[in-house]
Amino acid sequence: MPAKILDGKQLASQIEAELAEQVADFLENNGQQPKLAAVLVGDDPASGVYVKNKRLACERVGIDSELVRLPAETSEDELLSLIGRLNHDDEVNGILVQLPLPRQIREQKVLDAVHPLKDVDCFHPENVGLMVQGRPRYLPCTPHGCVQILHRYGIPVAGKHVVVVGRSEIVGKPVAAMFAQKDSPLGPEACNATVTLCHSRTHDLPAICRLADVLVAAIGKPRFITAEMVKPDAVVIDVGINRTEQGLCGDVDFAAVEPIASAITPVPRGVGPMTIAMLLVNTLAAARGQLA
Ligand code: NDP
C-alpha cells in the first residue's frame with residue numbers, strides 16, 4: 001500500500017488559521033501587534049526566498065514584520081550593533097537572523113548576541129539548554145515542525161525507535177533531543193522515543209536506518225536515503241531541501257521509499273512550511289513573554 005503523505009503545507013495552513021485567531025485576541029487584549037524583525041545579510045537568492053516566505057506567513061496571521069537588509073560586506077561589529085539595537089527595541093518581539101552569514105561574520109557570536117527572550121529560532125545557548133533540560137522557553141522551529149507533523153497526524157513516537165541522520169545544531173541534535181524527552185508540550189506520546197543519532201562517521205548507516213520505526217533525514221544530500229535503508233512500514237520525515245537541476249528535492253529518494261514506508265513527508269510541502277509555522281508560534285509566544 002502506498003505511504004500516507006504527511007502534508008506539511010496543509011498542516012501549516014491549519015496552524016496559521018489557529019494562530020490568526022490567537023494573534024487577533026492578543027492584539028485586542030494588549031493593544032499591541034506581535035512583531036518579528038528579520039535580518040538578511042548579503043544577496044543569497046535562497047535566503048532571500050526563505051525570508052520572504054517567513055514575512056508573508058507573518059502577514060497572513062497578523063504578525064507585523066520588519067526586514068533589515070545589510071550588504072554582503074557588512075562587518076561582524078556592524079551586525080552585532082544592529083542586533084543590540086533590535087534587542088532594545090520594545091516594538092520588536094522576535095529577531096530572526098537568516099543563515100548562512102557571510103564568511104567574515106562568526107555565526108555563533110551573532111546568534112549568542114540575540115536576546116534570549118527574542119530568540120524565536122531557539123538558537124541561543126540559554127534556550128537550547130532549557131529545551132534539552134525539558135523546560136523549554138521556545139522549541140526550535142524545524143525540529144518542532146517534525147514533532148508537530150507526527151503529533152497532528154496521530155503518529156505516536158513513545159517507545160519507538162527514532163533514527164535521526166544528521167547532527168547539526170539546527171536540526172539533527174535538537175530533533176533527537178526533543179524525541180528523547182520524558183515530556184513534551186504535545187504530551188508524552190510525542191516524545192519518549194529511543195533515539196539513535198547518526199552522522200558521517202557512523203558505521204553501517206544503512207543497517208541502523210533499517211532499525212528505524214521513524215527515520216528523520218537531515219543530511220543535505222539529494223535522495224541520500226534509498227529504499228534499502230528503510231524498514232517496511234517505517235515513517236519517514238525528510239528535512240532536506242536540495243536544489244538540483246530537476247528542481248527541489250529532499251534527502252530521501254521519495255519515488256523509491258514511498259512504496260515501502262507507511263507515511264512520508266514530501267519535499268516541497270513537508271517540513272519546510274511547518275518550520276515557518278513554528279516560527280510564528282514562537283513569535284506570538286515571545287510577544288506574550290514580553291508583556292510589560
Ligand atoms: P548540516 O550540513 O549542518 O548537517 C548535515 C549533517 O549530515 C551533518 O551532521 C553530517 O555529519 C551529516 N552527514 C553528511 N553526510 C553524511 C553521510 N554520508 N552519512 C551520514 N551523515 C552525513 O545540514 P543541516 O542540518 O543544516 O541541514 C540538513 C538539510 O536540511 C539540508 O538539506 C537543509 O537545506 C535542510 N534544512 C531544511 C529546513 C526546513 O525547514 N525544511 C531547515 C533547515 C535545514 P557530520 O556532522 O559528521 O559532518
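All heavy atoms count here, side chains included; hydrogens, waters and symmetry mates do not. Residue indices begin at 1 and follow the sequence shown. Atoms within a ligand are numbered from 1 in the order they appear, just like the ligands themselves. Bear in mind the structure is a predicted one, so any value in this text is a computation, not a measurement.
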Fill in: Options R167, K173, M278, H199, ranked by nearest heavy atom to atom 8 (C) of ligand 1, top entry
R167
Discussion item. To check your reading of the model: name the closest protein heavy atom to atom 32 (O) of ligand 1, its residue, and the distance in Å.
Written reply: I241 N, 3.0 Å
Worksheet item: Do H124 side-chain atoms and D112 backbone N/O form a donor-acceptor pair below 3.5 Å?
Response: yes
Worksheet item: When Q148 is tested against each of L186, L11, V281, L139 for side-chain contact (heavy atoms from CB on, under 4.5 Å), which residue passes?
Response: L186
Discussion item. Heavy atoms only: which of S200, P268, G250 lies closest to atom 11 (O) of ligand 1?
Written reply: S200
Response to the item:
Near G220 (heavy-atom distance under 4.0 Å), the atoms of ligand 1 are 28 (C), 29 (C), 31 (C), 32 (O)
Worksheet item: Of all the non-hydrogen atoms in the protein, which one sits nearest to atom 15 (N) of ligand 1, and at what distance?
Response: K221 NZ, 3.1 Å
Worksheet entry | Residue, atom name and distance, where the atom is the protein heavy atom closest to atom 19 (N) of ligand 1 | F224 CZ, 3.6 Å
Worksheet, complete the sentence: The protein heavy atom nearest to atom 12 (C) of ligand 1 is G166 CA, 4.0 Å
Worksheet item: Do any N or O atoms from the side chain of D251 and from the backbone of F224 form a donor-acceptor pair under 3.5 angstrom?
Response: no
Fill in: Identity and separation of the nearest protein heavy atom to atom 13 (N) of ligand 1
I219 CG2, 3.7 Å
Response to the item:
The reported gap from CD in E107 to CD in E76 (rounded to nearest 0.5 angstrom) is 11.0 Å
Practice prompt. Output the list of atoms in ligand 1 that are nearer than 4.0 Å to some heavy atom of G272, sorted by atom number.
Written response: 40 (O), 41 (N)
Fill in: R223 vs N242 side-chain heavy atoms within contact, under 4.5 Å
no
Discussion item. How far is atom 4 (O) of ligand 1 from the closest protein heavy atom, and which atom is that?
Written reply: S168 CB, 3.8 Å
Discussion item. Taking a cutoff of less than 4.0 Å between a non-hydrogen atom of the residue and any ligand atom, is A218 in contact with ligand 1?
Written reply: yes
Worksheet entry | Close-contact set for ligand 1 against T275 heavy atoms, below 4.0 Å | 39 (C), 40 (O)
Worksheet entry | Gap between atom CG of D238 and atom CD of E258 - 0.5 Å precision | 13.0 Å
Fill in: Approximate separation, where rounding is to 0.5 Å, of N282 CG and L96 CG
11.0 Å
Worksheet item: Applying the side-chain contact (heavy atoms from CB on, under 4.5 Å) test to V114, which of V39, V97, L86, V120 qualifies?
Response: V97
Practice prompt. Check Q181 against Q133 and note the closest heavy-atom contact, atom names and distance.
Written response: OE1-C, 4.4 Å
Fill in: Straight-line distance of C122 SG to R137 CZ, nearest 0.5 Å
9.0 Å
Practice prompt. Distance to 0.1 Å, residue and atom name: give those for the protein heavy atom nearest to atom 42 (C) of ligand 1.
Written response: T142 OG1, 3.3 Å
Worksheet, complete the sentence: Per-atom filter on ligand 1: closer than 4.0 angstrom to a heavy atom of N242 are 32 (O)
Worksheet item: Which residue and non-hydrogen atom of the protein lie closest to atom 37 (C) of ligand 1, and at what distance in Å?
Response: V239 O, 3.1 Å
Worksheet item: Short list, please: which atoms of ligand 1 are under 4.0 Å from a heavy atom of V171?
Response: 25 (O), 43 (C), 44 (C)
